[in-house]
Amino acid sequence: MGNIVFRCPATGMYVQHWLAEEVTPEAPTCSYETVSCKACARIHFINRRTSKLLGDVAAPVNRRSASAAS
């Protein structure tokens with residue numbers, strides 16, 4: 001699969017991690033990989049298909065865009 005970058009929810013730092021196995025088309029979409037975070041030394045769960053953290057919500061609204069629209 002290669003390198004993935006995720007944001008650590010505990011520290012807010014971006015962390016790079018290597019996932020060795022490829023995701024196959026028949027793999028379930030809810031398959032998560034446990035990753036030992038180098039930023040906080042905790043374990044996080046990353047979705048193998050989307051590379052998002054378990055419980056991750058949509059990206060926050062850009063404040064500049066929101067204030068410009070007002």
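As the structure is a computational prediction, the values presented were derived from the model and not from experiment.
- Taken to the nearest 0.5 Å, the SG atom of C37 stands 12.0 Å off from the CZ atom of R7.
- Within the structure, no pair that satisfies the side-chain hydrogen bond (donor to acceptor under 3.5 Å, both in side chains) test touches residues 35-46, not counting sequence neighbours.
- Closest approach of E33 and L19 over heavy atoms only: CG-CD2, 3.5 Å.
- Counting all heavy atoms, side chain and backbone alike, N47 lies closest to Y32 at N-CD2, 3.3 Å.
- Inter-residue side-chain proximity for L53 and P9 is flagged as met; some heavy-atom pair is nearer than 4.5 Å.
- Alongside V5, the hydrophobic cluster contains Y14 (criterion: ILVMFWY side chains under 4.5 Å).
- Within the 4.5 Å cutoff, the side chain of I46 has heavy atoms near those of the F6 side chain.
- A distance of 8.5 Å separates CD1 in I4 from CZ in R48, rounded to the nearest 0.5 Å.
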